[in-house]
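Written out below as structure tokens is the structure these notes cover.
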Amino acid sequence: MKFGHFDDKAKEYVITNPKTPYPWINYLGNEDFFSLISNTAGGYTFYKDAKFRRLTRYRYNNVPVDNGGKYFYINDGGDVWSPGWKPVKADLDNYSCAHGMSYTRITGERNGVEAEVTYFIPLGTWAEVQKVKLKNTSGATKKLKFFSFIEWCLWNAEDDMQNLQRNLSTGEVEVEGSVIYHKTEFKERRNHYAFFSVNAPIQGFDTDRDTWKGTYNDFDRPDAVFEGEPRNSEAHGWSPCASHYLEIELAPGEEKDLTFVLGYIEVDKDNKWESKNVINKNPAKAVIERFDTVEKVDAELKKLSDYWSKLLSTYELTSGDEKLDRMVNIWNQYQCMVTFNMSRSASFFETGIGRGMGFRDSSQDLIGFVHQVPERARERIIDIASTQFEDGSAYHQYQPLTKRGNHTLGGGFNDDPLWLILSTTDYIKESGDMGILDEMVPYDNDESKATTHFEHLKRSFYFTVNNLGPHGLPLIGRADWNDCLNLNCFSEDPNESFQTTGNKKGFTAESLMIAGSFVLYGKEFIKLCQVLGKDDDAAEAQKHVDAMIEAVKKDGWDGEWYLRAYDYYGKKVGSSENEEGKIFIESQGFCGMAGIGVEDGLVHKSMDSVKEHLDCEYGIVLQQPAFTKYYIEYGEISTYPAGYKENAGIFCHNNPWIMIAEAQIGNGDRAFEYYRKVAPAYLEEISDLHKVEPYVYCQMIAGKDAFKPGEGKNSWLTGTAAWNYVAITQYILGVKPDYNGLSINPSIPSKWDGYKITRRFRGATYHIEVSNPSHVSNGVSSMEVDGKTIEGCIVPIQPEGTEVTVKVTLGK
Ligand code: BGC
């Protein structure tokens with residue numbers, strides 16, 4: 001069952017039934033200032049950091065699940081309703097919510113009044129604009145009482161929920177004209193405030209939440225709205241809010257536009273006040289003025305739309321399969337930008353107060369985003385590397401506001417350092433910017449310890465070399481990519497975190513996932529050294545990579561697949577000898593992508609085992625058989641019920657590793673079959689089962705052992721976005737940046753006739769046409785660039801500003 005439809009031309013998903021199986025959300029904002037918005041206008045806004053600079057309040061774990069947001073209410077002669085259906089939930093004659101590229105447009109109609117609200121954050125602006133259009137579609141004059149509503153958060157979202165004995169006394173506001181200012185803690189250490197304005201005279205307002213709605217009412221039944229009378233309340237402590245009240249008269253057919261602006265202002269310490277206790281409002285007024293007419297607002301919307309069209313045109317596919325085209329051209333790229341911005345911080349499953357930017361998460365997010373805005377990827381790489389320790393290891397996470405490593409979580413996830421090699425080499429291949437390697441980058445943010453970025457990569461590589469276990473395989477530490485495989489944790493206390501508890505010294509447990517990653521990114525490191533002419537470094541690194549390959553072949557191969565790990569006792573994990581958890585996806589993916597033992601058929605065998613044991617109707621599950629009891633020596637992975645999350649759920653994040661490994665050995669049919677199973681656009685018809693948004697990937701789909709196989713969870717913020725984008729564009733469709741050009745090596749379903757791609761790369765545009773006359777999956781038989789045949793499958797870098805036509809023919 002569907003709850004809406006794709007509009008590819010407008011790059012929108014249009015929801016037509018407000019009762020989606022779960023709130024289906026969108027993100028506003030591209031840099032610094034962001035909002036989350038659901039299809040019924042739920043959500044919140046923050047500046048840079050969803051924990052430390054939350055502008056508006058939002059309650060997670062709420063009942064109902066999505067309550068609180070950027071609400072509007074219309075009182076039409078006593079009949080009260082909201083354009084987004086919620087919060088009032090009065091039936092609407094028409095409803096739609098179009099989630100587009102960084103904007104959301106919600107339209108509701110009832111009894112001859114149509115209200116359309118477009119929410120967006122203009123480029124380069126620390127403010128959310130809400131453009132409201134009210135139309136009288138009836139034959140009689142309408143006298144409407146119109147209310148806006150948001151609830152202020154007292155900045156630190158975590159403290160806001162906890163420290164009520166203080167917080168219920170600190171709230172402060174100012175109202176001037178049609179602008180409501182939120183200035184809690186401004187008089188002490190905060191040099192920032194927020195405001196909510198409307199570009200029309202108001203006939204009343206409220207800033208004290210409970211006075212406005214009545215202490216015992218919910219957002220669906222505010223007294224002021226239902227009685228049609230604002231209270232003009234001024235908040236002193238308790239819960240400050242901002243609600244404008246406007247009386248609007250509309251003749252039959254008449255339309256009125258209003259613009260609301262929800263903004264954030266930082267002021268100089270010396271320039272905070274206009275007069276005693278009156279804040280300096282000039283900077284806010286300047287922002288408000290930028291959006292005070294409908295023409296100005298429309299111009300900003302147009303800029304935003306042009307910005308996205310340009311970004312997305314970096315890679316454009318025409319395949320004849322509309323679902324594939326919309327994933328590749330629109331939604332997957334869009335989600336890559338969002339995950340790049342948010343890492344794992346703020347979604348409807350991540351509360352914004354738990355996780356910040358992850359060392360491994362952000363490194364991976366970057367590989368799906370780097371082609372869009374390489375300069376931002378560069379900055380991110382330096383931020384990440386700055387949280388590395390001198391021995392090459394790293395903080396697992398850092399806060400976006402401070403860019404400092406998160407001490408509570410600390411480090412010790414031994415896969416972390418290697419991801420930096422991936423993100424940096426992908427960045428250089430995309431941009432050609434070798435200069436990043438000479439940047440001086442600190443360790444643990446201490447400038448006095450800075451070295452070149454190249455040295456950071458070297459230390460990332462040697463961190464693994466210096467941390468090998470008894471079989472010459474990498475020690476796992478707290479965990480590798482799988483945060484829940486905690487082989488040194490041994491926790492019996494339910495109050496301990498699996499991620500930070502290490503009850504055993506980590507000198508024995510080894511990871512085959514890191515082994516694969518070391519070979520894969522070790523080879524990348526070697527190639528980089530060669531490109532730089534650092535032949536000694538390359539030769540030295542090669543020895544370590546060769547040794548790792550041998551170690552995997554000797555002690556990491558189980559006969560039909562790669563082992564997953566050795567546990568603390570030196571026992572095999574992910575072996576046919578185990579009772580449960582005999583085969584895991586991560587080591588098949590990583591050792592497979594690294595091509596370990598491919599010459600002896602190991603990769604082929606491993607892929608066949610994945611097909612046989614892990615594949616199911618909805619994707620590839622993480623391991624089999626699922627754990628049915630708690631294994632203290634494995635940690636969190638065995639705590640989940642069978643079929644969920646890391647315990648044999650379909651972790652969409654590592655499905656593309658298998659797609660890539662399959663594509664590399666020429667199995668285009670299988671690679672694409674796996675792609676289709678998890679790509680959301682192909683799941684739209686089963687939205688009622690899938691539950692989460694059909695336009696973005698989710699982290700996990702319940703696996704075959706689950707109560708409800710196929711049900712998705714944790715949508716939006718997941719490495720799934722970047723990896724699936726890389727799998728489809730670089731390995732299946734086969735267009736991949738390299739140091740010296742654009743490599744083209746497709747691995748596709750054999751029945752495909754061909755497809756076209758336009759790729760902008762280092763300033764030139766490549767029009768690529770792939771044809772498959774003999775219906776093979778893989779193998780370029782000829783390639784022509786502007787009519788000239790070239791050898792191999794790399795199109796050399798073309799001069800900036802030029803356009804070339806590349807004709808690729810597949811065949812034997
Ligand atoms: C985390 C990743 C981790 C994955 C598997 C995700 O929630 O963000 O860092 O690799 O789970 O445990």
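All residue numbers in this chain count up from 1 along the given sequence. Every number for a ligand or one of its atoms is a count from 1 in the order of the listing.
- Ser517 pairs by the side chain to side chain donor-acceptor pair (under 3.5 Å) definition with nothing, not counting sequence neighbours.
- Taking the centre of each ring, Tyr682 and His690 stay at or above the 6.0 Å mark.
- Within 4.0 Å of ligand 1, counting heavy atoms only, the contacting residues are Arg344, Arg355, Arg360, Asp361, Trp481, Asn482, Asp483, Glu646, Phe651, Gln699.
- For Arg378 and Tyr427, the positive end is not near the middle of the six-membered ring at less than 6.0 Å and at most 45° from its axis.
- Residues Tyr334 and Gln372 have side chains that never bring a donor and an acceptor to within less than 3.5 angstrom of each other.
- Residues satisfying the ring pair (Phe, Tyr, Trp, His ring centres under 6.0 Å) test with Tyr674, not counting sequence neighbours, are none.
- Legend: residues meeting side chain to side chain donor-acceptor pair (under 3.5 Å) with Asp391, ordered by chain and number and at least two apart, are Ser393.
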